[in-house]
Amino acid sequence: MIDFRLSDEHEALRKTVEEFAQEEVAPVIGDFYMREEFPYEIVAKMGRMGLFGLPFPEEYGGMGGDFLAVCVALEELARVDSSVAVTLEAGVSLGAMPIYRFGTEEQKQEWLPRLCSGAMLGGFGLTEPGGGTDAGATITTAREDGDDWVINGSKAFITNSGTDITGLVTATAVTGNSGGRKEISAIIVPSGTPGFTVQPKYSKVGWNASDTHGLSFDDCRVPRANLLGERGRGYAQFLSILDEGRIAIAALSVGLAQGCVDECLRYVREREAFGNQIGTYQAIQFKIADMEARAHTARLAYYAAAAKMMRAEPFKKEAAIAKLVASNAAMDNSREATQIFGGYGFMNEYPVARFYRDAKILEIGEGTSEVQRMLIARELGLV
Ligand SMILES: Cc1cc2nc3c(=O)[nH]c(=O)nc-3n(C[C@H](O)[C@H](O)[C@H](O)COP(=O)(O)OP(=O)(O)OC[C@H]3O[C@@H](n4cnc5c(N)ncnc54)[C@H](O)[C@@H]3O)c2cc1C
């Protein structure tokens, strides 16, 4: 039997995060966004709530929950603000998850307790200035020298890589050649390592209260023990992390799409035109009905992908579908919401303007929409 209800635990978490987002994030986040400032206090509160440790076992400082719990939390946060949501998404699925999935016991003991508590953030360095989609074309290198790796190269657009609480970035680098193919490995680079430079933050269209930097490595030395997982498996490891991350980004996208509905439902009951609330006009009602339908169907898509993943069944196609339709829903809903708000929708002080700016990256980050279509086509046997 198919049961689309959240469990009691997931529902309780959803409610808690909803209250936190509405009461503690919504009133202040617009100002952080306008100042392009990272909201440390909000992130610290999310840490105290255990959100950064949701899917990790208690022995590493986690909450012992599952991946759906993270998704539910992301959806509720993104209903209010995507910068805060992506800080959590990247903290969990890009910062801590690679260490949990592929790290040695020593690496897990060293890093996970702080990452799970939210006291520390980790970055995921795959994309390079020369390309993100073709991640196998990595040109950053790491050569062995005595007991060290010596890393040279650069990374672009790395989330959570330059905050005051960033403790590490896991970077992919070419560590050799095997059978004429590049051998790509993942290496943990602690913040502050000599030769590791965090570039000034980008000026972005959206996600303005989140942290994104380019990184450069100039003869940056880290111990050989910082290799994450098997040598030569870095590319495959990162691709599997991205499969999971797509479900999380889909949940975040659904949150944004639903947040557009929330804002419009309030506004159309207040705003009047031609002597009536604009919500009485069918043209407006139909827009909101379409927005709700998009958010609803995208939510079902990410629930289905998360369910397959948690049953340990292949979920690549479902994750790609969820990300594709949910990011589409976020884009469409933010465009319609801005239209419904009229001129006020173009003013930065209104959340829908923020949603409009934040929606676009959802079609780009963690695999563009073209990549999702490629993955779906490949899963259908089209090669
Ligand atoms: C705010 C932000 C945060 C990010 N955070 C991170 C992070 O934490 N870690 C990280 O590693 N990366 C991160 N990224 C990078 C992001 O994942 C990449 O931008 C994305 O994967 C696309 O790579 P690209 O920008 O190099 O575009 P390109 O790969 O240059 O692609 C350009 C265009 O060509 C299309 N394209 C490429 N190849 C094909 C093909 N074969 N067929 C059809 N179309 C194709 C793409 O879909 C895209 O439309 C972030 C990006 C942003 C903007």
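None of these values were measured; they are calculated from a predicted model. Numbering of ligands and ligand atoms starts at 1, following listing order.
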Exercise. What residue and heavy atom of the protein are closest to atom 49 (O) of ligand 1, and at what distance?
Worked result: Glu370 OE1, 3.5 Å
Exercise. Is Ile158 near ligand 1, meaning one of its heavy atoms is under 4.0 Å from it?
Worked result: yes
Exercise. Considering all protein heavy atoms, does one lie under 4.0 Å from atom 33 (C) of ligand 1?
Worked result: no
Exercise. Looking only at atom types and distance, does a side-chain atom of Arg357 sit under 3.5 Å from a main-chain N or O of Val205, one as donor and one as acceptor?
Worked result: yes
Seminar exercise, completed: ligand 1 atoms nearer than 4.0 angstrom to some heavy atom of Thr368 are 22 (C), 46 (C), 47 (O)
Problem set entry | Sub-4.0 Å protein heavy atom near atom 52 (C) of ligand 1 | yes
Problem set entry | 4.0 Å heavy-atom contact, Gly131 with ligand 1 | yes
Exercise. With atoms numbered from 1 as shown, which atoms in ligand 1 lie under 4.0 angstrom from a non-hydrogen atom of Leu126?
Worked result: 11 (O)
Exercise. When you measure from atom 3 (C) of ligand 1 to each heavy atom in Thr159, Thr133, Leu94, which option holds the nearest one?
Worked result: Thr159
Exercise. Would you say Tyr100's side chain and Ser93's backbone share a donor-acceptor pair under 3.5 angstrom?
Worked result: no
For this session: Look at the rings of Tyr202 and Phe157 and say which category their plane angle falls in: under 30° parallel, 30 to 60° tilted, over 60° perpendicular.
Result: tilted
Return all side-chain donor-acceptor pairs below 3.5 angstrom for residues 376-383, not counting sequence neighbours, or 'none' if the list is empty.
none

Exercise. Can you tell me the protein heavy atom closest to atom 20 (C) of ligand 1 and the distance?
Worked result: Ile364 O, 3.5 Å
I'd like a table of donor-acceptor pairs (distance under 3.5 Å, sequence neighbours excluded) in which one partner is a side-chain atom from residues 292-299, with atom names and distances.
unit_1: Glu292; atom_1: OE1; unit_2: Gln258; atom_2: NE2; d: 2.9
unit_1: Arg294; atom_1: NE; unit_2: Asn333; atom_2: OD1; d: 2.8
unit_1: Arg294; atom_1: NH2; unit_2: Asn333; atom_2: OD1; d: 3.3
unit_1: Thr297; atom_1: OG1; unit_2: Ala293; atom_2: O; d: 2.9
unit_1: Thr297; atom_1: OG1; unit_2: Arg294; atom_2: O; d: 3.2
unit_1: Arg299; atom_1: NE; unit_2: Glu75; atom_2: OE1; d: 3.4
unit_1: Arg299; atom_1: NE; unit_2: Glu75; atom_2: OE2; d: 2.9
unit_1: Arg299; atom_1: NH2; unit_2: Glu75; atom_2: OE2; d: 2.8
unit_1: Arg299; atom_1: NH2; unit_2: Gln258; atom_2: OE1; d: 2.9

For this session: For ligand 1, indicate whether the residue Ile361 contacts it via side chain, backbone, both or neither (heavy-atom separation under 4.0 Å).
Result: side chain
Exercise. Between Lys323 and Glu366, does at least one N-O distance fall below 4.0 Å, as a salt bridge requires?
Worked result: no
Exercise. In ligand 1, which numbered atoms sit nearer than 4.0 Å to a non-hydrogen atom of Glu366?
Worked result: 17 (O)
Exercise. With a 4.0 Å heavy-atom cut-off (strictly under), which part of Trp207 contacts ligand 1: side chain, backbone, both or neither?
Worked result: side chain
Exercise. Could an N or O of ligand 1 be found under 3.5 Å from any N or O of Phe157, whether backbone or side chain?
Worked result: yes
For this session: Note the single closest protein heavy atom to atom 15 (C) of ligand 1, along with its residue, its atom name and the distance in Å.
Result: Thr127 OG1, 3.2 Å
Problem set entry | Parallel, tilted or perpendicular: ring planes of Tyr267 versus Phe341, cut at 30 and 60 degrees | parallel
Seminar exercise, completed: For Gly132, the atoms of ligand 1 under 4.0 Å from one of its heavy atoms are 23 (O), 24 (P), 26 (O), 29 (O)
Problem set entry | Met374 touching ligand 1 at heavy-atom level, < 4.0 angstrom | yes
Exercise. Is the Phe238 to Phe124 ring centre distance short of 6.0 Å?
Worked result: yes
Exercise. Can you tell me if Lys201 uses its side chain to pair, donor with acceptor, with the backbone of Gly162 under 3.5 Å?
Worked result: no
Problem set entry | 4.5 Å side-chain heavy-atom contact, Ile288 and Ile340 | yes
Exercise. Are any side-chain N or O atoms of Glu128 and backbone N or O atoms of Ile139, one a donor and one an acceptor, separated by less than 3.5 Å?
Worked result: yes
Exercise. Can you find an N/O atom of Asp134 closer than 3.5 Å to an N/O atom of ligand 1?
Worked result: no
For this session: Quick one: look up the protein heavy atom nearest atom 9 (N) of ligand 1 and list residue, atom name and how far away it is.
Result: Phe124 O, 2.8 Å
